[in-house]
Amino acid sequence: MSFADSVRTLANQIEERRKHVQTEEACKQALILPFVALLGFDVWNPAEVIPEYKAGWAKATEKIDYALQIARRLAIFVEAKGPNETLANYDPQLAKYFNSTPDVKFAIITNGIQYRFFTDLQERNMLDKKPFFEFDFEQFTDSDIAVLERFRKEVFNVEGLVSYAEDLVFLSTLKNLFKNLLRDPSDEFTRFAVSAAELVEGRVTQKVIDRFKPLVKESISAAILEIVGQSFLQTTPVPPPETTSTVTTEEAGESSEEVPTSRVVTTDEELKIFDLITQMVSEHVPEPGKLRYQDTERYFSVLYAKTTGWFARMVIQRGDKRMVGFRLPLERVRELAPGFQVDEPPTWIGTSRIYFSAPEDLLPLRDLFIAAVREVV
């Protein structure tokens with residue numbers, strides 16, 4: 001199973017478990033330790049995962065919940081909170097542990113669902129006030145998974161990660177800048193645009209700025225739409241991203257290795273199935289625009305609003321063997337899918353599934369898909 005699929009599997013497990021998690025200790029056991037294991041650490045080995053670690057000059061009673069080690073060297077602090085805690089309230093507590101231990105460059109605070117990643121970009125050995133990365137198991141993207149994968153024990157590299165964390169901060173700052181410019185171009189940007197385009201002769205006065213600011217805003221939107229449209233219409237194949245990356249682990253005393261990145265190709269048939277399902281259920285969700293799909297090496301999911309909000313999970317194999325899994329009870333699916341073969345699938349595909357031969361076979365199952373999406377809305 002690829003790392004991305006492992007993340008999605010854990011997300012599904014967390015969704016099921018969190019309803020039973022009421023205390024911090026339960027959160028550690030059911031939600032946080034599986035995350036630590038996801039990163040490749042042996043949670044049963046105290047040489048890798050040290051619980052209740054006394055950090056630096058902190059008081060004897062002040063201990064970080066977990067210190068993660070690689071090759072006997074401290075790598076990451078993990079501070080755990082209850083499943084309903086607001087993490088930002090505890091950032092100063094995490095800073096105390098981090099600032100007292102110069103050997104550690106990364107610290108995480110989590111409630112088992114949200115994870116806030118910190119380092120010391122602003123001042124050496126002092127925890128930054130803002131996280132450089134946040135991961136939410138209720139809503140994440142493929143890009144979020146790619147960032148998270150860099151923290152796997154097998155590829156952990158301190159210097160590379162610090163540099164990458166800095167890039168993430170710069171990227172976020174620039175992205176917010178451009179978003180603000182799109183919504184409301186500043187006078188300085190409007191002056192630059194008018195001057196660069198040589199739209200007027202002479203000095204760009206405030207009157208000129210006020211005249212052109214709405215046009216600058218409109219032109220930015222039009223340019224973005226045109227670029228996006230061209231990317232969809234582009235017929236020349238785009239080279240796939242690098243399938244392997246080599247990351248050294250000198251700080252951990254380990255040899256470098258190559259980490260494969262999976263390639264997932266979304267087929268025309270899968271897209272057709274997605275279109276059919278969205279047509280059937282769009283009138284029965286609050287915001288149809290939040291219907292989307294997620295393709296992985298094992299399955300093709302149709303979901304609503306968030307990554308864990310899947311309501312139909314397709315597996316399309318060679319030949320005519322096709323199946324779709326649901327979260328609905330077996331008897332309910334049998335009731336809504338008369339004439340279809342219905343059985344109990346492996347848990348990763350749902351609690352019930354049906355078999356079909358072609359996308360058109362799903363058309364009579366409108367009521368089934370509506371019931372499935374209502375289950376997650």
Minimum side-chain heavy-atom gap Ile50-Pro46 below 4.5 Å: no
State, yes or no, whether a side-chain contact exists between Ile64 and Phe98 at a heavy-atom distance under 4.5 Å. no
Nearest heavy-atom neighbours spanning Glu360 and Leu276: N-CD1, 4.4 Å
Is the terminal nitrogen or CZ of Arg327 (NZ for Lys, CZ for Arg) located under 6.0 angstrom from the six-membered ring centre of Trp310 and within 45° of that ring's axis? yes
Determine whether Lys81 and Leu87 make a side-chain contact, defined as any pair of heavy atoms from C-beta on separated by less than 4.5 Å. yes
Nearest heavy atoms of Val204 and Ser195, plus distance in Å: CG2-OG, 3.4 Å
Donor-acceptor check, side chain of Thr101 to backbone of Val104, threshold 3.5 angstrom: yes or no? no
Around Gln13, counting heavy atoms of other residues, nucleotides and ligands shown, do more than 12 lie under 6.0 Å from its CD? yes
Looking only at atom types and distance, does a side-chain atom of Tyr304 sit under 3.5 Å from a main-chain N or O of Glu287, one as donor and one as acceptor? yes
Basic-acidic side-chain contact under 4.0 Å: Lys105, Asp120: yes
Glu269 atom CD: more than 12 heavy-atom contacts under 6.0 Å: yes
Does the Asn99 side chain pair with the main chain of Lys96, one donor and one acceptor, at a distance under 3.5 Å? no
To the closest 0.5 Å, what do you measure between CZ (Arg211) and CD1 (Ile209)? 13.5 Å
Between Thr307 (side chain only) and Phe140 (backbone N and O only), is there a donor and an acceptor less than 3.5 Å apart? yes
Short question: side chain of Asp65, backbone of Ala80 - any donor-acceptor pair under 3.5 Å? yes
Would you say that more than 12 heavy atoms from the other residues, nucleotides or ligands in this model lie under 6.0 Å from the CD of Gln206, or not? yes
Between Ser352 and Leu330, what is the shortest heavy-atom contact and its length? CB-CD1, 3.6 Å
Strictly distance-based, threshold 3.5 Å: is any side-chain N or O of Asp144 a donor or acceptor partner for the main-chain N or O of Phe135? no
Please determine, by modelled atom types, if Asn111 and Gln114 share a side-chain donor-acceptor pair under 3.5 angstrom. yes
Counting N and O atoms only, with roles assigned by atom type, does the side chain of Arg374 sit under 3.5 Å from a partner on the main chain of Val285, one being a donor and the other an acceptor? no
With the side chain counted from C-beta on, respond yes when Arg8 and Ser2 share a heavy-atom pair under 4.5 Å apart, and no when they do not. no
Do Leu368 and Leu303 share a hydrophobic cluster (ILVMFWY, side-chain heavy atoms under 4.5 Å, transitive)? no
Inspect the surroundings of OH in Tyr299 and state if more than 12 heavy atoms from other residues, nucleotides or ligands are less than 6.0 Å away. yes
Mind listing the closest non-hydrogen atom pair of Tyr97 and Glu79 along with its distance? CE1-OE1, 3.6 Å
Using side-chain heavy atoms (C-beta onward) and a distance below 4.5 Å, is Phe156 in contact with Leu39? no
Smallest heavy-atom separation, Glu123 atom then Asp128 atom, equals N-OD1, 4.3 Å
Keeping the roles fixed (side chain from Arg322, backbone from Ile316), state whether a donor-acceptor pair exists under 3.5 Å. no
Say you draw a straight line from OG of Ser100 to CZ of Phe77; how long is it, rounded to the nearest 0.5 Å? 6.5 Å
Between Glu270 (side chain only) and Thr267 (backbone N and O only), is there a donor and an acceptor less than 3.5 Å apart? yes
4.5 Å side-chain heavy-atom contact, Phe326 and Phe311: no
Starting from the C-alpha separation in whole Å, work towards a yes-or-no answer on side chain to side chain contact (heavy atoms under 4.5 Å, CB included) for Lys153 and Glu48. CA-CA 10 Å; Lys153 187 188 78 170; Glu48 288 191 13; 3.1 Å; yes
Beyond-backbone contact of Ser219 with Phe212, side-chain heavy atoms, under 4.5 angstrom: no
Would Glu134 and Arg116 count as a salt bridge (Lys or Arg N to Asp or Glu O under 4.0 Å) if you check the C-alpha gap in whole Å, the side-chain angles of each, and the deciding distance to 0.1 Å? CA-CA 5 Å; Glu134 297 186 60; Arg116 291 162 61 89; 3.5 Å; yes
Residues that Gln22 engages under side-chain contact (heavy atoms from CB on, under 4.5 Å), provided they are two or more places apart: none
Taking every non-hydrogen atom, the tightest pair across Arg332 and Ala371: NH2-CB, 4.3 Å
Test side chain to side chain contact (heavy atoms under 4.5 Å, CB included) on Phe137 and Asn12; report intermediate values, then the result. CA-CA 9 Å; Phe137 271 102; Asn12 291 330; over 6 Å; no
Verify the neighbour count for atom CD of Glu344: are there more than 12 heavy atoms of other residues, nucleotides or ligands below 6.0 Å? no
Qualifying residue for side-chain contact (heavy atoms from CB on, under 4.5 Å) with Leu199, from Val208, Val216, Val194: Val194
Quick one: are the ring centres of Tyr53 and Tyr66 less than 6.0 Å apart? no
Show, in sequence, the C-alpha distance, side-chain angles and deciding distance for Ile277 and Val373, and conclude whether the side chain to side chain contact (heavy atoms under 4.5 Å, CB included) test is met. CA-CA 10 Å; Ile277 294 175; Val373 75; over 6 Å; no
Within the 4.5 Å heavy-atom criterion, are Phe356 and Met314 side-chain neighbours or not? yes
Decide, yes or no, whether a salt bridge links Arg18 with Glu15 under the criterion of side-chain N to carboxylate O below 4.0 Å. no
Centroid-centroid distance, Phe151 to Phe117, less than 6.0 Å: yes
For Asn176, does the CG atom have more than 12 heavy-atom neighbours from other residues, nucleotides or ligands under 6.0 Å away? yes
Between Phe132 and Phe118, does the ring pair (Phe, Tyr, Trp, His ring centres under 6.0 Å) criterion hold? Intermediate values first, please. CA-CA 6 Å; Phe132 66 86; Phe118 292 85; 8.0 Å; no
Should we say atom CD of Glu283 is surrounded by more than 12 heavy atoms from elsewhere, each under 6.0 Å from it? no
Does any N or O in the side chain of Thr86 come within less than 3.5 Å of the main-chain N or O of Ala88, such that one atom is a donor and the other an acceptor? no
Do the side chains of Lys217 and Asp184 get close enough for a salt bridge, i.e. N-O under 4.0 angstrom? no
Glu149 and Arg152: CA distance, side-chain angles, deciding distance, salt bridge (Lys or Arg N to Asp or Glu O under 4.0 Å) verdict: CA-CA 6 Å; Glu149 189 166 12; Arg152 291 174 56 220; 3.7 Å; yes
Check the pair Val324, Tyr355 against side chain to side chain contact (heavy atoms under 4.5 Å, CB included), reporting the backbone distance first and the verdict last. CA-CA 7 Å; Val324 54; Tyr355 295 84; over 6 Å; no
